[in-house]
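One structure is given here, and the rest of the page talks about it.
Hydrogens, waters and symmetry mates are skipped; everything else that's a heavy atom, side chains included, is used. Residue numbers run from 1 in the order of the sequence given.
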Amino acid sequence: MARVTVNLRAVTSWVGIARLFAVVLSCIAFSLVASTRDFWGPYGTWCMFTWCFCFTVTLLVLFLELLELYPKLPFSWDDFTSAFSMLAALMVFTTSVVFPATFISSPCSGSKCARQAVATTVSCLCFLAYALEVGLTRAKPGDISSFLSTVPGLLKVFEAYVACLIFCLLDTFSSEAGLQWCVAVYSICFIITLLIIIFTIGRCLSYMPCPLEKVLVGYNALALVMYLTATVLWPLYSFRGQSRPASCGRGCRWDKNLGITFLTIFNLIAYLVDLVYSTRMVFIRAPP
């Protein structure tokens, strides 16, 4: 009969404590919002999904590490946990901004608004817990044993997530060639970046017949150039001869185009930093 060992460091180390805080805080957040019965619509569904998803996966990670079952899994555990903690931090941060902007009205009064305000505060603390985990598990300079825990690996998760946000805002766009090129840039870079993340977690990149590090540098350079063109073309074609309509309310197309513009700039900066770090890791070796 197989013996089950218990690794108490899974919950007593700094990383384990950060995960415990994340579990408790995400549970409190979705419980408070559920008690208000006011979380309908796409934004409310997203917020509830974020808290429940992060709670469930983090609890599963703690369980597998506590019982030391993760070595039996057929993928890179360190890469998976690094990617998830970065993704959870980004998702909870987005939720901490979207939820109060959508559901808390001014002036705020009554028990319902108080619960919503407390849920927002708890969600912000949950983001800090995940951000702390990212900082604690980030690879030290020169250590590339777990790619997704390095700065370029974490940036890959950020780039894919920002692309997902762009797709959420990209409900309609005109058939002009410039905008179609921008959509192609977002789609191509997202697919390739997502494949890099999946193949890294699945330990498949080592089977590539070419030098992986140099291929990634080449891809980052290409993605940077592509996003540079999108940064210029998207606002040029989206706002040409247009000003913000006076009747532009929540969900207005003009505001969505503005959001896509800023998210494109964020990803451009991310790919630039990614290229710099990847180049340093490949071509600039630290002296022995």
State the [atom1]-[atom2] distance between [X] and [Y], to the nearest 0.5 angstrom.
X: L272; Y: L228; atom1: CG; atom2: CG; answer: 10.0 Å
X: C189; Y: Y227; atom1: SG; atom2: OH; answer: 5.5 Å
X: F39; Y: T102; atom1: CZ; atom2: OG1; answer: 14.5 Å

Of all heavy-atom pairs between [X] and [Y], which one has the smallest distance, and what is that distance?
X: I260; Y: T264; answer: O-OG1, 2.7 Å
X: S238; Y: L179; answer: OG-CD2, 3.6 Å
X: I201; Y: F75; answer: O-CB, 3.1 Å
X: L64; Y: L73; answer: CD1-CD1, 4.0 Å
X: F84; Y: T58; answer: CE2-OG1, 3.3 Å
X: F99; Y: C47; answer: CB-SG, 3.7 Å

May I ask you to check whether Y277 and T150 show a side-chain donor-acceptor distance below 3.5 Å?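 Short answer, no.
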Are S278 and N220 linked by a side-chain donor-acceptor pair shorter than 3.5 Å? yes
Could you tell me whether the side chain of M91 reaches within less than 4.5 Å of the side chain of F49, counting heavy atoms only? yes
In the structure I gave you, are the side-chain heavy atoms of Y161 and M86 within less than 4.5 Å of one another anywhere?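 Result no, sub-4.5 Å side-chain heavy-atom pair not found.
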Contact list for residues 25-35, test side chain to side chain donor-acceptor pair (under 3.5 Å), sequence neighbours left out: S35-R115
Check: [X] side chain, [Y] main-chain N or O, donor-acceptor pair, under 3.5 Å:
X: S85; Y: S82; result: yes
X: T36; Y: V33; result: yes
X: D79; Y: F147; result: yes
X: W51; Y: I28; result: no

Between [X] and [Y], does the ring centroid distance fall short of 6.0 Å?
X: Y237; Y: W181; answer: no
X: W46; Y: Y43; answer: no
X: Y70; Y: F80; answer: no

Got a sec: does the [atom1] of [X] have more than 12 other heavy atoms crowding it under 6.0 Å?
X: Y219; atom1: OH; result: yes
X: F167; atom1: CZ; result: yes
X: W254; atom1: CH2; result: yes

In chain order, what residues pass the salt bridge (charged side-chain N to carboxylate O under 4.0 Å, His left out) check against R37, with sequence neighbours excluded?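 Applying salt bridge (charged side-chain N to carboxylate O under 4.0 Å, His left out) to R37 gives none.
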Would you check, one step at a time, whether the test side-chain contact (heavy atoms from CB on, under 4.5 Å) holds for F55 with L59? CA-CA 6 Å; F55 167 80; L59 191 62; 4.1 Å; yes
Just one of T95, L25, V23 clears the side-chain contact (heavy atoms from CB on, under 4.5 Å) bar with C126, so which one?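 Single side-chain contact (heavy atoms from CB on, under 4.5 Å) partner of C126 among T95, L25, V23: L25.
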